[in-house]
Q: 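After the structure tokens below, expect a handful of questions from me.
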Amino acid sequence: MSTTAEPHTHSISSGQKCPPGKGLESIAPLLQTVEETPDPIPTTIKGTVPTWINGSFLRNGPGKFEFGKDRYTHWFDGMAMMHRFHLCEGNVTYSSRFLQSDSYVQNSEKNRIVVSEFGTLAMPDPCKNIFARFLSRFSVPKSTDNASVNFVKYKGDYYVSTETNYMRRVDPQSLETKEKVDWSQYIAVNSATAHPHYDRDGATYNMGNSYGRNNFFYNIIRVPPPEENAAKEDSADLTGAKVICSIRAAEPRKPSYYHSFVMSENYIVFIEQPIKLDLVKFMLYKIQGKSFQKVMTWEPQCETIFHLVNRHTGEKSEVRYRAAPMFTLHQINAFEDNGMLVMDMCCGDDGDIIGDFTLENLRRDAGEEMDKFYNSLCRNLPRRYVLPLTVEQETPLDQNLVTGYKATAKKTKAKEVYMTHEELYDDELLQYGGLEFPQINYDQYNGKPYRYFYSCGFGHCFSDSLLKMDVHTKELKVWRYPGLYPSEPVFVASPKATEEDDGVVLSVVITPREEKSTFLLILDAKTFAELGRAEVPVNIPYGTHGVFNLKG
């Protein structure tokens, strides 16, 4: 891949813009194995929980970090634990269960780690003879089904998902683990993201990889909506899933890592970023005794490439949209405006961050050790890229094709456009350490022009504030208290909402300072004032993503 000829637009990195952490407390208690609570227990309500909120807030994340004497190395490796806060008539109950994945069951039976995860390599069985142990190093490691990242929906069913080819169907009421689903049994992909998009007809879009002898492809997947009058069977159903577009990797042996993708009303954009997976290392890593995270490298000499696809026809644009190197995990929203595609996302300038989240780093002592680690991390900040949808042969060179936005896009040669971004924030955001885990009023505004998003501020390695951003004015509303660590904020619209931010924001708040002092926080989405909290007398570890299930 060519390196960018244009000067980078960010002379100061996103990490350097934010103030350094000083005297940070230990967050080790947020990374401890906890007990499951399979039967719903009552919570103590402080303030009020609006009686119109009826449904379940479902959360996912790592909840067990060791088996016997074996310890996981990376935060992502912990065994998936599902959490459910059921809200009904102003009352809240809590329950949780470990996902009964093959990985969890096999590790439990052997009382040691027998399935490799992202950052932890399972060692050969010590009971085998030396020759068998040696040969086992050469076997291709099976993908884990430890689906600890998100709750996702296909054809009306809930699944928990990670980034391998395996998902697990689950019961959203009882949190019971159901069958394991292998994407490769339905379509020719060997992975899928944990961040699908949903259209207004009920279809689900996702992305997954495939590779042949000489090529590596990023595939856009469409799973159709559930059939209206079909008899509903209690089994996984991905029938009708198909690949609508395959995008060839710029470097077949070094494809890009991606965590999510962009979707507007008519388009999908795949971002090929400079976090690379070295496939040669991938084949060798088990022989060398290295974990999967070691095959990922940040290669800032490479550009960022945006691939534009019509999501109705699957046709890929011939135009190559380029930008300076950056990395992104989560998109905020995207919409079409006057022949342009506006894409808002959380971005950073240093893609090494993923491998840094080892349990050893996250469990560092308070003060100097923790400060040192936190200050080495990239901070993610919101950016807006604007992609011109029509670039013809007669489109003039070196002329800004973007109107009405501060981002730029210039045709540099035939079928090639170079883009610079707009910073989607004011300096006030920097004091909160940048932001991540963005959420919007998804049901009504995904893929459409919007005004507000909600996210976590990162004044510590884990989020220590909740933020509401107005993308028109870049003004912030903030919820932040020392020692409290909130989860990704999820928006729930009020039943008679007429405005975008008419509803509540839900977040699970935990603290390392006190045992069994977790609570579900309910904020007024418009004012960001606290309405109430539901206190849970159990410990909950820091988690990843969640959804609100209206059906309860």
Side-chain angles (χ1 to χ4, degrees), residues 25-63 81-97 151 175 432 437 439 454-468 477-492 503-549 552:
E25 69 183 318
S26 168
I27 52 171
L30 309 185
L31 296 142
Q32 302 300 329
T33 294
V34 298
E35 298 291 322
E36 61 183 2
T37 309
D39 297 318
I41 58 172
T43 64
T44 303
I45 307 295
K46 298 283 176 69
T48 56
V49 177
T51 53
W52 59 260
I53 311 175
N54 287 295
S56 292
F57 185 31
L58 304 172
R59 294 267 308 148
N60 199 352
M81 188 178 209
M82 302 172 288
H83 309 266
R84 177 178 182 255
F85 291 85
H86 183 57
L87 297 88
C88 182
E89 303 293 330
N91 291 310
V92 182
T93 60
Y94 169 78
S95 56
S96 64
R97 280 191 170 186
F151 279 85
L175 301 181
Y432 298 103
F437 294 148
Q439 289 279 337
Y454 312 91
S455 63
C456 289
F458 278 78
H460 205 310
C461 304
F462 284 159
S463 52
D464 66 344
S465 63
L466 293 171
L467 309 171
K468 177 187 180 181
K477 286 186 166 66
V478 181
W479 184 93
R480 188 188 205 184
Y481 291 93
L484 296 183
Y485 295 83
S487 71
E488 171 188 66
V490 170
F491 176 85
V492 183
V504 296
V505 166
L506 303 178
S507 176
V508 179
V509 181
I510 57 181
T511 178
R513 298 184 180 184
E514 205 176 328
E515 282 280 303
K516 300 181 178 178
S517 49
T518 303
F519 61 90
L520 174 66
L521 174 68
I522 300 107
L523 298 177
D524 182 310
K526 192 179 287 291
T527 63
F528 233 46
E530 183 174 327
L531 297 174
R533 49 179 78 177
E535 297 176 345
V536 190
V538 299
N539 290 323
I540 295 180
Y542 191 80
T544 46
H545 297 287
V547 295
F548 187 76
N549 176 23

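Computation of the quantities below employed the complete heavy-atom set of this structure, encompassing side-chain atoms and omitting hydrogens, waters and symmetry-equivalent molecules. Throughout, residue positions are numbered sequentially from 1 according to the sequence presented.
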Q: Can you sort out the partners of Gln32 under side chain to side chain contact (heavy atoms under 4.5 Å, CB included), two or more places apart, ordered by chain and number?
A: Ala28, Arg363

Q: Do other residues, nucleotides or ligands put more than 12 heavy atoms under 6.0 Å from the CD atom of Glu35?
A: no

Q: Minimum heavy-atom separation for Phe548 and Ile53, please, with both atom names.
A: CZ-CG2, 3.8 Å

Q: Does Ser96 have any side chain to side chain contact (heavy atoms under 4.5 Å, CB included) partners at least two apart in sequence or in another chain, and if so, which?
A: Glu36, Thr37, Met81, His83, Tyr94

Q: Tell me the closest heavy-atom pair linking Leu520 and Val92, and the distance in Å.
A: CD2-CG1, 4.2 Å

Q: Heavy atoms only: give me the nearest Pro486-Ser463 pair and the separation to one decimal.
A: O-OG, 2.6 Å

Q: Where is the tightest heavy-atom contact between Pro50 and Leu531, given as atom of each residue plus distance?
A: CG-CD1, 3.9 Å

Q: Taking it one step at a time, do Phe462 and Leu31 satisfy side-chain contact (heavy atoms from CB on, under 4.5 Å)?
A: CA-CA 11 Å; Phe462 284 159; Leu31 296 142; 3.8 Å; yes

Q: Going by side chain to side chain donor-acceptor pair (under 3.5 Å), name the residues that satisfy it together with Gln439, two or more places apart in sequence or in a different chain.
A: Glu488

Q: Identify, with sequence neighbours excluded, every residue that meets side chain to side chain contact (heavy atoms under 4.5 Å, CB included) alongside Ser487.
A: Arg59, Ser507, Val508

Q: Find out whether Ile27 and Cys461 are in side-chain contact, i.e. whether some heavy atom of one side chain is under 4.5 Å from a heavy atom of the other.
A: yes

Q: Let's go through Leu175 and Leu58 carefully: what are the C-alpha distance in whole Å and the side-chain angles of both, what is the deciding distance for side-chain contact (heavy atoms from CB on, under 4.5 Å) to 0.1 Å, and is it a yes or a no?
A: CA-CA 9 Å; Leu175 301 181; Leu58 304 172; 4.3 Å; yes

Q: For Ala534 and Ile45, work out which heavy atoms get closest and say how close.
A: CB-CD1, 3.8 Å

Q: If the condition is ring pair (Phe, Tyr, Trp, His ring centres under 6.0 Å), which residues does Phe57 pass it with, not counting sequence neighbours?
A: none

Q: Are Asp39 and Ile41 side-chain neighbours, meaning at least one heavy-atom pair lies under 4.5 Å?
A: no

Q: Who are the side chain to side chain donor-acceptor pair (under 3.5 Å) partners of Lys468, not counting sequence neighbours?
A: Asp501

Q: Over all heavy atoms of both residues, which pair between Cys456 and Leu466 is shortest? Give the atoms and the distance, please.
A: SG-CD2, 4.1 Å

Q: Closer than 3.5 angstrom, by distance alone: can the side chain of Ser56 be matched with the main-chain N or O of Asn549 as a donor-acceptor pair?
A: no

Q: Applying side chain to side chain donor-acceptor pair (under 3.5 Å), name anything that partners Asp524, two or more places apart in sequence or on another chain.
A: none

Q: Not counting sequence neighbours, which residues clear ring pair (Phe, Tyr, Trp, His ring centres under 6.0 Å) with Tyr485? List them please.
A: His460

Q: Atom OG1 in Thr51, atom CG in Leu87: separation rounded to 0.5 Å?
A: 11.5 Å

Q: If only atom types and distance count, is the side chain of Asn54 paired as donor or acceptor with the main-chain N or O of Glu89 below 3.5 Å?
A: yes

Q: Just to verify, what does Glu535 make a side chain to side chain contact (heavy atoms under 4.5 Å, CB included) with, not counting sequence neighbours?
A: Thr44, Lys46, Phe519, Arg533

Q: Could you walk me through whether Val34 and Val538 pass the side-chain contact (heavy atoms from CB on, under 4.5 Å) check?
A: CA-CA 9 Å; Val34 298; Val538 299; over 6 Å; no

Q: Among all residues two or more places apart in sequence or in another chain, which pass the ring pair (Phe, Tyr, Trp, His ring centres under 6.0 Å) test with His86?
A: none

Q: Going from CZ on Phe437 to OG1 on Thr544, what distance comes out if it is rounded to the nearest 0.5 angstrom?
A: 7.0 Å

Q: Listed by chain and number, what are the ring pair (Phe, Tyr, Trp, His ring centres under 6.0 Å) partners of Phe491, not counting sequence neighbours?
A: Tyr454

Q: Enumerate the salt bridge (Lys or Arg N to Asp or Glu O under 4.0 Å) contacts for residues 506-523, please, sequence neighbours excluded, ordered by first and then second residue.
A: Glu25-Arg513

Q: Are Trp479 and Leu521 side-chain neighbours, meaning at least one heavy-atom pair lies under 4.5 Å?
A: yes

Q: Would you check, one step at a time, whether the test side-chain contact (heavy atoms from CB on, under 4.5 Å) holds for Trp52 with Val504?
A: CA-CA 11 Å; Trp52 59 260; Val504 296; 3.7 Å; yes

